[in-house]
A.B. asks: 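Take this structure first; my questions come after.
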Amino acid sequence: MNKILVTRQIPEKFKARLEQYAEVEIWDHHLTPMPREQFLEAAKDKTALLVTLSEQIDETLFHAAPHLKIVANMAVGYDNIDLAAAERHEVAISNTPHVLTETTAELGFALMLATSRRIVEAEKYVQEGKWESWGPYLLAGKDIYRSKVGIFGMGEIGRAFARRLRGFNADILYHNRSRNAKAESELGAFYTSFETLIQESDFIISTAPSTPETQNVFNHEAFKKMRKDAIFINIRRGDLVVEEDLVDAIENGEIAGAGLDVVRDEPIRMDHPLLKFPNVIVTPHIGSASVLTRDQMIQTCVLNIEDVFNDRTARNQVMHKA
Ligand code: DGY
């Protein structure tokens, strides 16, 4: 009999569906990840795992779980998974593309609006009883309208973000591994070098996945080249940013602010220097967190598991590229 381990609480309807064809064990917690040792122990006799980014799927896990057929990752990103090891152990890996694209782009847009118009600062200002009168430059921010927005990573999320900019009459620059003809023809996005993108943009939005080529690209040299009034937004992976360099850039006024939905080590430590700046907003990796999208992500995992149990290729199988 197939046995599934689900590493977070999921709605009853998905559990019931999985139970139709497998024995299901659920780590019944919403926010606390399963301790590693317990995870390895629980995975031992399973044929499928439905996991989140918090679980490291590596050689040790594959050794511990010799019956595994599939690991369904509840994320579009899969940097928590050693794909080469999965291939060696003949375990299929699936992700959840497409369903979270628009929701994640929306969160990016929310961060762009919140940082440019200093919404969090303004709300605190009112809460702290500081609002005494109207002032010509009180909490004055920056327009998105007619600004230049540089998108780093023009994949599905980058394109969804660019679509939202149309109503703002913004100029869209982008940098990507390869040119994106659709973004250019449909959205008027203009391909530039990374250098030009960071030098010219009012807003720099990182929507690129974590790869050896993209890790640490937002470093001291990059922040130094940005405009002093630039705002940096990151909605994809924290390890694209050298955080000490971002802290320096904010501290020294090299850029005007940042909106981060992701950081290098999540959850962020409460004494992290990024949390001390009024012009930096950090949200807890909630890019895809609308109820509908989270439902669809779980459903996608379920469908991929069903595919493999029915001897089909998982519909969202992620392939290892040597
Ligand atoms: C993803 O899907 O990769 C997100 O970061 C998790 O919501």
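What you are looking at is a predicted structure, and each value in this text was computed from that prediction instead of being measured. Both ligands and their constituent atoms are indexed starting at 1 by order of listing.
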A.B. asks: Relative to each other, are the rings of F161 and F109 parallel, tilted or perpendicular (30° and 60° limits)?
C.D. replies: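 Answer is tilted, since the angle falls between 30° and 60°.
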A.B. asks: Quick check: R236 and ligand 1, any N/O pair under 3.5 Å apart?
C.D. replies: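 The answer is no, given that R236 and ligand 1 share no N or O pair closer than 3.5 Å.
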A.B. asks: With heavy-atom distances below 4.0 Å as the criterion, list the atoms of ligand 1 near G77.
C.D. replies: 1 (C), 2 (O), 3 (O)
A.B. asks: Salt bridge between K46 and E25, side-chain N to carboxylate O under 4.0 Å?
C.D. replies: yes
A.B. asks: Under 3.5 Å between any N/O of M74 and any N/O of ligand 1: does that happen in this structure?
C.D. replies: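 The answer is no, given that M74 and ligand 1 share no N or O pair closer than 3.5 Å.
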A.B. asks: Considering non-hydrogen atoms of the protein only, which is the closest contact for atom 7 (O) of ligand 1, and what is the distance?
C.D. replies: S288 OG, 2.8 Å
A.B. asks: Number the atoms of ligand 1 from 1 as they appear, then name those within less than 4.0 Å of a heavy atom of L100, with their elements.
C.D. replies: 2 (O)
A.B. asks: Taking all non-hydrogen atoms of both residues, which atom of I93 and which atom of A86 are closest, and how far apart?
C.D. replies: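 Shortest heavy-atom separation between I93 and A86 comes out as CG1-CB, 3.6 Å.
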A.B. asks: With atoms numbered from 1 as shown, which atoms in ligand 1 lie under 4.0 angstrom from a non-hydrogen atom of R237?
C.D. replies: 1 (C), 3 (O), 4 (C), 5 (O)
A.B. asks: Do F223 and F232 make the cut of ring centroids closer than 6.0 angstrom?
C.D. replies: yes
A.B. asks: In the protein, which heavy atom is nearest to atom 2 (O) of ligand 1, and how far is it?
C.D. replies: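 Minimum-distance protein heavy atom for atom 2 (O) of ligand 1 reads V76 N, 2.6 Å.
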A.B. asks: Determine whether Q9 and H30 satisfy the following criterion, side chain to side chain donor-acceptor pair (under 3.5 Å), listing intermediate values before the conclusion.
C.D. replies: CA-CA 5 Å; Q9 244 168 26; H30 172 50; 4.6 Å; no
A.B. asks: Below 3.5 Å, N or O to N or O, backbone or side chain included: is there any such pair between H285 and ligand 1?
C.D. replies: yes
A.B. asks: Would you mind running through ligand 1 and noting each atom that sits below 4.0 Å from a heavy atom of A75?
C.D. replies: 1 (C), 2 (O), 3 (O)
A.B. asks: Answer with yes or no after comparing the ring centroid distance for F190 and Y174 against a 6.0 Å cut-off, counting only values under it.
C.D. replies: no
A.B. asks: Determine, for E195 against K225, whether the closest basic-nitrogen to carboxylate-oxygen distance falls under 4.0 angstrom.
C.D. replies: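 Result for this pair is yes, salt bridge flagged.
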